[in-house]
Structures are given as C-alpha cells and as structure tokens.
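Report on the structure given below.
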Amino acid sequence: MKRIIIILSVLVIYPVYANDQEQLSIANSWRYSVFVSETSFDSDLADKELIEDSATTFGVDADYYSRRWMSSVGLEFISYDDNNGFSQLVEGTGLFNDGDVSTESSDANAFALNVATGAYWSFGARDKNLAIVQVGFSEIFNSERSIDNCDDCFKDDIDVDGGAFAKVGLVHSWSALSVGLHVKQYLSGDIDNSILISFGSGL
C-alpha cells in the first residue's frame, strides 16, 4: 500500500513541473462521479466491533473545479463483512403483509460523508488527464447491524470513526466518460486506507 501511495504521489506531483498550461475547460464547473472502493480498518477496532478489517463501499462525489483547485463532497455507503449477525422473527404491518411472520437476518452497514479540497493539474494529449492531490475529512454515521425496514427490531451500534485523510488520484477522460484511480490514506480515526475506482462524465 505504501508503495502504491508513493508511486501515485510522484505521478500526481510531477505534472505541475512538466506542464504550465491553461487548465481544462472544466474550470469553474461541477462534475459528478460514482465510485467503488475497498476500505481497510484498524484490525484491533475490527476485532472489537466483530467485523472484518476490510469492506466494500459505494458512493457518489460532486467535484467543483476552479482554476487550479478542486473541492469535493461525497456520500458513501459502507457494507461491513459482519461476524456477529443475528436473526429475528418479524411480523409485518401494512397493506400487503399485515400479520405475515418471517425470520429476517441482519445487515451491517454505515454511511460516510466526505469533504475534501486540493490542487489538480491537467496533462497529456489534449489535457485529457488529471492529477489530483487533496486533503479532507470523513464523518461516519448510521453505523450499525440491524434488520432493514424494521422499526422494533434489535439494533447494535458499530463504533467506527472517520477522520482526516490525504488523497491522490489520476483520472483519464474520453469524450463521454472518465475513469479514475484514487488512494486515500487516513491520518486519524479508525480507517487505515481506501483504494477507489471512479466513473464520471467526460472532462
């Protein structure tokens, strides 16, 4: 992981020296993307909270580009690999399942709100590549194991804290699609790092 971060950091920082040109036409505009990531947690924390020390996440980012600066806000869904799941008898209510009884199993999930800001540089043929360096903060909420759509079922909090992070990324764009590879290294909290692949509109 450290080697990946070092390599990406070099690739990200180099273009500012190699290219002193106008930024892409995306300046002063919003761009949106979806992403999937593999996120690693502190192993001691994972053992304590009875989850695996890695999880798959899905999310959406909104990025605002100015002349050389990029500010981002995103919402992320975290699906824990749970080692302490439970089942419970559930009686349905409502128009189509009033009184139906079934055994339902729990899921372990959370949401994260991410904000970040930092510099970007364009490089390559027709400036269709972006290199990005950001710092940011992640706040995790609704982190629990529970049964979906059940008001009276048992719930168990999963105490995982977000924290400050540094993020580096490379994005390549075609006419209608951009694909990016990003690495987030956490500086505080219970998350170690994340590797993300993003898909967005063309630059």
Side-chain angles (χ1 to χ4, degrees), residues 1-41 54-79 109-141 162-187 189 191-203:
M1 173 59 66
K2 289 184 178 179
R3 286 185 178 180
I4 294 174
I5 294 171
I6 291 171
I7 292 170
L8 278 177
S9 297
V10 171
L11 292 174
V12 163
I13 294 171
Y14 173 74
V16 71
Y17 299 104
N19 297 276
D20 188 18
Q21 53 192 344
E22 288 300 313
Q23 298 301 298
L24 298 171
S25 60
I26 59 174
N28 301 315
S29 67
W30 287 93
R31 289 293 187 272
Y32 304 92
S33 62
V34 296
F35 63 85
V36 59
S37 81
E38 185 70 12
T39 297
S40 298
F41 305 102
S54 64
T56 301
T57 79
F58 306 89
V60 58
D61 276 335
D63 305 310
Y64 182 77
Y65 294 84
S66 58
R67 173 65 175 81
R68 282 191 181 274
W69 208 253
M70 174 181 169
S71 297
S72 307
V73 60
L75 184 64
E76 189 171 1
F77 174 74
I78 303 170
S79 179
N109 304 313
F111 290 92
L113 179 64
N114 305 310
V115 293
T117 189
Y120 76 93
W121 302 275
S122 58
F123 65 100
R126 293 189 297 165
D127 288 350
K128 286 298 185 179
N129 301 291
L130 285 187
I132 302 164
V133 175
Q134 291 181 302
V135 293
F137 191 85
S138 178
E139 179 68 26
I140 295 179
F141 60 98
F165 61 81
K167 180 179 179 181
V168 296
L170 293 172
V171 178
H172 177 74
S173 178
W174 294 270
S175 57
L177 174 69
S178 62
V179 178
L181 174 64
H182 313 264
V183 175
K184 291 166 68 174
Q185 180 64 49
Y186 279 77
L187 310 174
I191 304 176
D192 286 339
N193 50 64
S194 295
I195 299 178
L196 304 85
I197 298 176
S198 65
F199 303 90
S201 56
L203 301 173

Practice task
Check whether the side chains of Ser178 and Ser173 place a donor and an acceptor atom closer than 3.5 Å, and report yes or no.
Solution key: no

Exercise for the section: Nearest 0.5 Å please: distance from the CD atom of Gln185 over to the CD1 atom of Ile195. Expected result: 10.0 Å

Handout entry: Geometric class of the His172/Trp174 ring pair [parallel <30°, tilted 30-60°, perpendicular >60°]
Key = perpendicular

Handout entry: Any side-chain heavy-atom pair of Thr39 and Leu196 under 4.5 Å
Key = no

Handout entry: Nearest atoms (heavy-atom pairs only) where Leu113 meets Phe141
Key = N-CE2, 3.9 Å

Practice task
Report yes if some heavy atom in the side chain of Val168 is under 4.5 Å from a heavy atom in the side chain of His182; otherwise report no.
Solution key: no

Practice task
Could you grab the distance from atom CG of Leu181 to atom CD1 of Ile197, nearest 0.5 Å is fine?
Solution key: 6.5 Å

Handout entry: Heavy-atom pair of closest approach, residues Val115 and Phe165
Key = O-CZ, 3.8 Å

Exercise for the section: Might you point out which heavy atoms bring Phe58 and Val36 nearest each other, and give the distance in Å? Expected result: CE2-CG2, 3.7 Å

Fill in the blank from the handout: Of all heavy-atom pairs linking Phe123 and Leu130, the shortest is CE2-C, 3.9 Å

Problem - Side chain Ser198, main chain Val34, donor-acceptor under 3.5 Å - result: no

Problem - side chain to side chain donor-acceptor pair (under 3.5 Å) against Thr57, all qualifying residues, sequence neighbours excluded - result: Ser37, Glu76

Exercise for the section: Just say parallel, tilted or perpendicular for the rings of Tyr120 and Tyr65, cut-offs at 30° and 60°. Expected result: perpendicular

Handout entry: Minimum side-chain heavy-atom gap Asn28-Tyr64 below 4.5 Å
Key = yes

Practice task
Identify the heavy atoms of Ile191 and Ser40 that sit nearest to each other, and give their distance.
Solution key: CG2-O, 3.4 Å

Practice task
Among Asn114, Asp63, Asp61, find the residue that satisfies the side-chain hydrogen bond (donor to acceptor under 3.5 Å, both in side chains) test when tested with Ser72.
Solution key: Asp63

Exercise for the section: Test Ile140 against Ile78 for side chain to side chain contact (heavy atoms under 4.5 Å, CB included), laying out the working first. Expected result: CA-CA 9 Å; Ile140 295 179; Ile78 303 170; 4.3 Å; yes

Handout entry: Straight-line distance of Lys167 NZ to Met70 CE, nearest 0.5 Å
Key = 6.0 Å

Exercise for the section: Indicate the atoms forming the closest heavy-atom contact of Ser194 with Tyr186, along with that distance. Expected result: OG-CE1, 4.2 Å

Problem - Chi angles and distances behind the side chain to side chain contact (heavy atoms under 4.5 Å, CB included) call for Leu170, Asn129 - result: CA-CA 7 Å; Leu170 293 172; Asn129 301 291; over 6 Å; no

Practice task
Test ring pair (Phe, Tyr, Trp, His ring centres under 6.0 Å) on Phe111 and Phe77 and set out the steps.
Solution key: CA-CA 5 Å; Phe111 290 92; Phe77 174 74; 5.4 Å; yes

